[in-house]
Amino acid sequence: MAYWLVKTEPADGGLPAFHAAGAASLVWDGVRNYQARNFLRAMSLMDKVLLYHASCAEIGVVGQLKVAREPYPDPSQFDPNSPYFDSGSHQTQPRWTAVDLTLVRAFPEVIRLSTLKMMPVFTGSALTRKGSRLSVLPMTEDQWRAVMALSTI
DNA sequence: GCCAACGTTGGC
DNA sequence: GCCAACGTTGGC
């Protein structure tokens, strides 16, 4: 089992969208960075995922997700009307990957980036490092536990 | 709105 | 294959 964190802006597949979806899953598509894609491809149904809000008033971890469907070709890469359309990707060998995610729970409080930055377990991590643009990233078990501990306060 | 940190593109 | 220019991400 592995631990992950996925980043989004609140208005673009963030917590409001998961609340609207209820128990249903959302397609996590549009990842167009190879390193992030490789992490997506490594996801399995057993894995645990954190949801992170970026570029907003309350930056930080907002809830817990689970993998509802294992990695499959991101449909948006073949959709000419999608902003994520990639004319260089072919059906026979899709370039980009999606997963489906469902909300497990929303945290009562946002666990802020500024809080994470103070925690030794996050020192040097891609999440707290200045300028890191990775939108899907692995977490260590210790990092996961630390977030879980804060999320129940 | 600013700017630092990246990743990507394209000329050579 | 190098690297400058450019576009994007994302914190502040």
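Every chain is numbered from 1 and lettered A, B, ... according to where its sequence line falls, protein lines coming before strand lines. Since the structure is predicted, the reported quantities are computational estimates derived from the model, not experimental observations.
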Take nucleotides 7-12 of chain C nucleotide by nucleotide from the 5' end and write B, S or -, depending on whether a protein heavy atom sits under 4.0 Å from the base, only from the sugar-phosphate, or from neither. BBBBSS

Would you please name every residue forming a ring pair (Phe, Tyr, Trp, His ring centres under 6.0 Å) with Tyr34(A), sequence neighbours left out? Trp96(A)

Return a table of donor-acceptor pairs under 3.5 angstrom between the side chains of residues 98-106 of chain A and protein atoms on other chains or two or more places apart.
| unit_1 | atom_1 | unit_2 | atom_2 | d |
| --- | --- | --- | --- | --- |
| Asp100(A) | OD1 | Tyr72(A) | OH | 2.5 |
| Arg105(A) | NE | Gln64(A) | OE1 | 3.3 |
| Arg105(A) | NH2 | Ser151(A) | OG | 2.7 |

Residues that Ser82(A) engages under side-chain hydrogen bond (donor to acceptor under 3.5 Å, both in side chains), provided they are two or more places apart: none

The criterion is ring pair (Phe, Tyr, Trp, His ring centres under 6.0 Å); which residues satisfy it with Tyr3(A), sequence neighbours excluded? Trp144(A)

Pairing residues for Arg41(A) by the salt bridge (Lys or Arg N to Asp or Glu O under 4.0 Å) criterion, not counting sequence neighbours: none

Those residues that, when tested against Arg129(A), pass salt bridge (Lys or Arg N to Asp or Glu O under 4.0 Å) (two or more places apart): none

Near DNA chain C, which residues from residues 30-40 of chain A have a heavy atom under 4.0 Å away? none

Can you list, pair by pair, the side-chain donor-acceptor contacts under 3.5 Å of residues 6-29 of chain A, counting residues two or more places apart and other chains?
| unit_1 | atom_1 | unit_2 | atom_2 | d |
| --- | --- | --- | --- | --- |
| Lys7(A) | NZ | Ser132(A) | O | 3.4 |
| Lys7(A) | NZ | Leu134(A) | O | 3.1 |
| Thr8(A) | OG1 | Asp12(A) | O | 2.4 |

